[in-house]
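Residue numbering restarts at 1 for every chain, and letters A, B, ... go by the order of the sequence lines.
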There are 2 protein chains.
Amino acid sequence: MKRRKTLADVAAAAGVSKMTASRALRGDKDVSQTNIERVKQAAREIGYYGNQFASSLSSKHTDLIGVVVPSLSNIVFPQVMSGVTDALKGTLLQPVFGVTDYDPETEYETLRNMLSWRPAGLIVTGIDQPPETRQLLKDAGVPVVQIMDIDGHPVDACIGFSHSEAGHDIAVALFETGLRRFGYVGRNLDKDLRAAKRKQGFQSALRDHGLAFADVIDGSDLAVDATAHSAVECGRRMTADILNRRPDLDCIYFSNDDLAFGGLCHCIAAGIDVPRKVALAGFNGLGIIEGFPGKIATSRTARKKIGKLAARMILETLEHSTAEMGKLHILKPEISLGELAVTNDKPD
Amino acid sequence: MKRRKTLADVAAAAGVSKMTASRALRGDKDVSQTNIERVKQAAREIGYYGNQFASSLSSKHTDLIGVVVPSLSNIVFPQVMSGVTDALKGTLLQPVFGVTDYDPETEYETLRNMLSWRPAGLIVTGIDQPPETRQLLKDAGVPVVQIMDIDGHPVDACIGFSHSEAGHDIAVALFETGLRRFGYVGRNLDKDLRAAKRKQGFQSALRDHGLAFADVIDGSDLAVDATAHSAVECGRRMTADILNRRPDLDCIYFSNDDLAFGGLCHCIAAGIDVPRKVALAGFNGLGIIEGFPGKIATSRTARKKIGKLAARMILETLEHSTAEMGKLHILKPEISLGELAVTNDKPD
DNA sequence: ACTGGTATCAATACCGGTATCGGTACCGGT
DNA sequence: ACCGGTACCGATACCGGTATTGATACCAGT
């Protein structure tokens, strides 16, 4: 393997100094038009591409934005990442992704690792990092945006919405359509803190009306092996279970749309009329529920937009060295009741 | 913002030289036990974490594995990424992801950019890169694994399967269950070359029996705005369209499971018996089709495993400086006919 | 006491870029 | 002819680590 081309090679080929070559390639000023072309031509000819290590080390500056998400299997996070990528397209900045598997320890390590790359900014999912991790973020010395959750104390900027409120709100909306006997189906609540918050919010709304979940399946039952099956499949089975135990339920709140959709699949296969016999409510507003439009109530979250905004906020902060956008952005989920809505009122 | 801690600070705090501190932190040899502890203690106290730029520049060595995927919105690729991440967990290597949006130009730029990080290895989706991009991969001087497709000439190692064969095989399987009037529903075939290959393979199998697609919707029709809706929603609408035009179809081949599932949703809502009135076939074996087990025929691809294998192959190559695993791994998709199978034979 | 070997450490020279700053050439104005 | 200003360029000194080499101390063996 032959030696990699360096800037010196380009400079030599173009007949200029390293410095001029460097400036020409970066579009810096103080280079004549002829030399710009000469250098670029030379670079292309010998197949030169820069060395970020040298560049970043020397300039004490990177174009990296660290993005930490808990999971890749939940489509929601790739969508957030996609938003970030879009917002950064065309800028000089570039996202770097890290996955934590919902594990605080892994999260800490991932962040440490990212910081060793001296990113220009950080986007981190969630707001409930343990103290040590928070400290890391605080001391990072770069803009930090926490996303997807605002129930807590942000380290710096924060974009998202309140999950407990989201749970609360859809509970109220469902209650107002006349539903009374609620069940809950979820899984991985021990790790997915935000889903747990939604459940709590839902419960608190029920309590306001003197109600409580008539039945709960949260995956701590061994009824379903959460890891062996897809979310849709789990939702289907858990729904079968809960409706078997409590056929009188008139509404089931799921921890997300995938599970809810699984629930719908069960109901359709079992000939259960949704939403008249039992209403189903999920969370996120995923594309999947468009398969049977209006059947599943949900809270539509602006995932991609959150990613975009987070990236833009970092950009702003870097450019103006102070966030002009404000430190907190709330993108309240929009409740969609689907067919449930026609009996009472009709939003959108 | 105070100056970042450097190795020199650690060394000073520990009362040793930079070099000794460096060795101690990296677990290199030639350091006394007492000094190892002294240095590590000092590093912890002043909150030191390394500078990858300096480290990698000096050692001419990185722990990065570049992973290039075409999209984040198609759940398949996050799953591949997830496989890579898993396989790399516990090693010193670390994945860095890049997204191309199915655009060759973006792919080229993404790769150039990755190479400027001097990765230790590259995992690239697809095998049909344009010449210039291929050259980049060839000259990279690091192990390159192309994944997800083997229909073509790999640059180096290659893990995946033949899409045209996959299309061909499921066509044969479907034909053997007695189906004869086939329709095709897909979208983005201009960009998703692998989907196009499956379609071709399917067609060639049909030709072998003197058949052809009775009708094709590939999204070039303006019937559905491909970008405005989810894949499931698109599948639903396109299926409605094609069955409206050709109610006599007895099987529809979709470019993937999302679309196929949308098709199933339409059929269920419209009271069309699947698979007896019309059979549906997709591709990938996504979790989503477990919502109605057995209803959709599909080819189950080992996406996560492909990611894992690719990462492991890079590891192997780096360790032994020669791939012991062989340069080509074919993970042939497993055909699942679902309910169609019971009429003829029963696999699994 | 002398030699060779081992363990441990520090000084030095880079890695491949970029910031900085001091030239040089050339221009128009007087 | 002289001067200040501008445009352009290159030598030099780093950036923060690591590979390399050489130095030192200490020990066992003879």
Side-chain angles (χ1 to χ4, degrees), chain A residues 1-40 42-43 46-64 92 113 115-120 141, chain B residues 2-40 42-43 46-64 92 112-113 115-120 141:
Chain A
M1 171 179 48
K2 54 190 180 302
R3 194 179 61 79
R4 280 233 175 66
K5 302 297 183 187
T6 77
L7 192 58
D9 298 324
V10 179
V16 298
S17 73
K18 259 174 68 176
M19 206 51 238
T20 301
S22 171
R23 278 195 274 253
L25 291 177
R26 279 177 301 134
D28 209 350
K29 58 190 174 65
D30 279 358
V31 188
S32 66
Q33 197 56 40
T34 48
N35 269 341
I36 289 183
E37 272 152 30
R38 227 196 296 272
V39 169
K40 286 196 172 173
I46 69 177
Y48 170 81
Y49 42 91
N51 181 327
Q52 291 284 350
F53 298 122
S55 169
S56 289
L57 177 61
S58 174
S59 64
K60 300 164 175 265
H61 163 277
T62 67
D63 307 323
L64 300 176
L92 294 172
N113 188 290
L115 285 175
S116 77
W117 291 102
R118 304 285 189 270
Chain B
K2 53 191 182 299
R3 195 177 60 81
R4 280 237 175 64
K5 302 295 181 188
T6 76
L7 193 59
D9 298 323
V10 179
V16 298
S17 73
K18 260 175 66 176
M19 206 50 238
T20 302
S22 171
R23 278 194 275 253
L25 290 177
R26 279 177 302 133
D28 209 350
K29 60 191 173 65
D30 279 1
V31 188
S32 64
Q33 198 56 40
T34 49
N35 269 341
I36 289 182
E37 273 150 30
R38 227 196 295 271
V39 169
K40 286 195 172 172
I46 68 177
Y48 170 82
Y49 43 91
N51 181 328
Q52 292 282 352
F53 299 120
S55 170
S56 288
L57 178 60
S58 175
S59 64
K60 298 163 174 273
H61 163 274
T62 67
D63 306 322
L64 301 176
L92 294 173
R112 269 184 80 90
N113 188 291
L115 286 174
S116 78
W117 291 102
R118 302 289 188 268

Enquirer: Let me check the geometry of the helix from C:dA1-D:dT30 to C:dT30-D:dA1. What is the bend angle between the axes at its two ends, five pairs each, to 10°?
Expert: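 Comparing the axis at each end, I get an angle of 50°.
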Enquirer: Output the rounded distance in Å from CD (B:Q52) to C1' (D:dG17).
Expert: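 Spelled out: CD on B:Q52 to C1' on D:dG17 is 11 Å.
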Enquirer: Tell me: CZ of B:R26 to P of D:dG17, nearest whole Å?
Expert: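 My rounded result for the distance is 11 Å.
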Enquirer: With side-chain contact (heavy atoms from CB on, under 4.5 Å) as the criterion, how do B:L7 and B:L25 come out once you've worked through the C-alpha distance, each side chain's angles and the decisive distance to 0.1 Å?
Expert: CA-CA 10 Å; B:L7 193 59; B:L25 290 177; 3.8 Å; yes
Enquirer: Go through the structure and list residues passing side-chain contact (heavy atoms from CB on, under 4.5 Å) with B:A54, not counting sequence neighbours.
Expert: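 For B:A54, the residues satisfying side-chain contact (heavy atoms from CB on, under 4.5 Å) (neighbours in sequence not counted) are A:L57, B:N51.
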Enquirer: With rounding to the nearest 0.5 angstrom, report the CG to CH2 distance, B:L64 to B:W117.
Expert: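 Atom-to-atom, B:L64:CG and B:W117:CH2 are 8.0 Å apart.
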Enquirer: Let me have a per-nucleotide readout for nucleotides 4-16 of chain D, 5' to 3', with B, S or -, counting only protein heavy atoms under 4.0 Å.
Expert: ----BBBB---BB
Enquirer: Applying salt bridge (charged side-chain N to carboxylate O under 4.0 Å, His left out), can you list everything that pairs with B:D63, at least two apart in sequence or on another chain?
Expert: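 Per chain and number, B:D63 pairs via salt bridge (charged side-chain N to carboxylate O under 4.0 Å, His left out) with no residue.
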Enquirer: Not counting sequence neighbours, which residues clear side-chain contact (heavy atoms from CB on, under 4.5 Å) with B:A12? List them please.
Expert: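 Partners of B:A12 under the side-chain contact (heavy atoms from CB on, under 4.5 Å) test: none.
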Enquirer: Tell me every residue that passes side chain to side chain donor-acceptor pair (under 3.5 Å) with B:R118, counting only those two or more places apart in sequence or in another chain.
Expert: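 So B:R118 forms no side chain to side chain donor-acceptor pair (under 3.5 Å) with any residue.
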Enquirer: Kindly state each residue pair satisfying side-chain hydrogen bond (donor to acceptor under 3.5 Å, both in side chains) with at least one member in residues 52-62 of chain A, sequence neighbours excluded.
Expert: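 Checked against side-chain hydrogen bond (donor to acceptor under 3.5 Å, both in side chains) - neighbours excluded - the pairs reaching residues 52-62 of chain A are A:Q52-B:S116.
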Enquirer: Which word best sums up how the rings of A:F53 and B:F53 line up, parallel for under 30°, tilted for 30 to 60°, or perpendicular for over 60°?
Expert: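 The rings of A:F53 and B:F53 sit tilted, inter-plane angle from 30° to 60°.
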